[in-house]
Amino acid sequence: MSQEAFGVRGSGSRLSLVVPAYDEADNAQGFVSFYREIAAEFPDLEIELVVVDDGSTDGTPGIVRQERAAGDRIVLVELSRNFGSHAAITAGLLECTGDVALTLSADLQEPISAVRDFVAQWRDGADIVWGLRSVRAVKRGPQESFAQGFSKVFNATSSVPTYPKAGPSQILVTRKVIETLRGMPETNRNVLAMIAWVGYEQREIYFEQLPRPRGVSKWTTSKKAKLVIDSFVEFSSAPVRWLTLLGLAGGALGVLLLLVAAVFMFFPGLPSGTTLIVALILAVGGAQLVGIGVIGEYLWRAGDDARRRPIYVAKSVETLKD
Ligand code: UDP
Ligand code: MG
């Protein structure tokens, strides 16, 4: 039985390090070594490494198997194809056996000092610890600005105000959070937003993100765009409301122009035809947008209930042995 069951956090507990990996063969040796470094740092904890291979085609799982040495506790989950990092993180959290789990990236972008801070907050009573980047490895560029803007707008308009507006990177969660997550079926998921939704005691730590040592980012623009849409659809009705407001504003403008055109009708010779057409287009278009907005409100909720596909398909879950 875990120590947490006795109300004591720490000695004897199992910490699972959940690492999603997609074509990370070049970094596999590195993250297995990092796992051992973490295990040496916390001798009172039992550390488990859970690698979720997210459909790699570069032989990542084979290298993890090769790297495993006596004394390691490594669980390898192989997904049937590439499902995306949020599905892979979900798989790792649901398959891990720890009293507490910490996500880390396969490309070694988190320093060991961040792991210390995560564990310290957990020992101090936190159920969820957010890892935020005080320094980002990629600092500038339109994508980074967009990512930061997204986190701010999402924090302000979603039903998960604990989702950090600084944009979370990694997360630590306790077993009770994982068990709640198990019952949450969303297929198109922002797993971090889902964890924020669970509640309990949530705290934040900051760390300087290290540059990726090898390989390129697998987090493509289209994957990022999908995550933004998933996040809003699952947790915020704001876009639908913006649409309604836009429709109302367009409609109001149309009605105003219609009145202007009606007045102009009493002054023959003045150019009223174009104004009337523009007015009608705006009025009708506005009304349609309001309609789409209202239907969207319903669809948004119905979609929540309709999604029932599995989040990921695991072709194998293996505890590596000699
Ligand atoms: N990843 C994954 N599936 C994907 C894309 C990424 O499991 O479809 C993993 C990747 O191997 C890494 C983590 O998610 O461990 C973060 O991805 P990456 O380093 O490419 O993103 P970035 O650090 O640029 O945000
Ligand atoms: Mg990375």
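FYI, side chains are in, hydrogens and waters are out, and symmetry mates aren't considered; it's all heavy atoms of this structure.
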Hey, what do you get for [atom1] ([X]) to [atom2] ([Y]), rounding to the nearest 0.5 Å?
X	Y	atom1	atom2	result
Thr103	Glu110	OG1	CD	7.0 Å
Leu210	Ile112	CG	CD1	11.5 Å
Leu192	Ser169	CG	OG	8.5 Å
Asp117	Leu172	CG	CG	11.5 Å
Lys165	Leu132	NZ	CG	11.0 Å
Glu186	Leu181	CD	CG	9.0 Å

Evaluate the side-chain proximity of [Y] to [X]: yes if any heavy-atom separation is below 4.5 Å, no if none is.
X	Y	result
Ser56	Glu24	no
His86	Lys226	no
Leu320	Asp72	no
Val52	Ile89	no
Asn27	Pro213	yes
Leu102	Trp122	no
Tyr22	Ser85	no
Phe31	Val64	yes

Donor-acceptor contact present, side-chain [X] to main-chain [Y], <3.5 Å:
X	Y	answer
Thr174	Val100	no
Gln209	Ala137	yes
Thr60	Ala25	yes

(message) Using a 6.0 Å cut-off, check whether atom NZ of Lys223 has over 12 heavy atoms from anything other than its own residue.
(response) yes
(request) Walk me through it: do Asp54 and Lys218 pass the test salt bridge (charged side-chain N to carboxylate O under 4.0 Å, His left out)? (result) CA-CA 11 Å; Asp54 188 18; Lys218 313 298 176 325; over 6 Å; no
(request) Test Tyr163 against every option in Phe154, Phe235, Phe232, Trp197 by the ring-ring contact (aromatic ring centres under 6.0 Å, His included) rule and name the one that passes. (result) Phe154
(message) Which heavy atom of Leu93 sits nearest to which heavy atom of Ile178, and what is that distance?
(response) O-CG2, 3.3 Å
(message) Quick test of your reading of the model: are Glu179 and Arg182 salt-bridged, counting only N-O distances below 4.0 Å?
(response) yes
(message) Between Thr97 and Glu48, is there a side-chain donor-acceptor contact under 3.5 Å, judged purely by atom types and distance?
(response) yes
(request) Cation-pi check, Arg116 to Phe118: give yes when NZ or CZ is under 6.0 Å from the six-membered ring centre and within 45° of the ring axis, no otherwise. (result) no
(request) Please confirm whether Lys224 makes a cation-pi placement over Phe146, using NZ or CZ under 6.0 Å from the six-membered ring centre and within 45° of the ring normal. (result) no
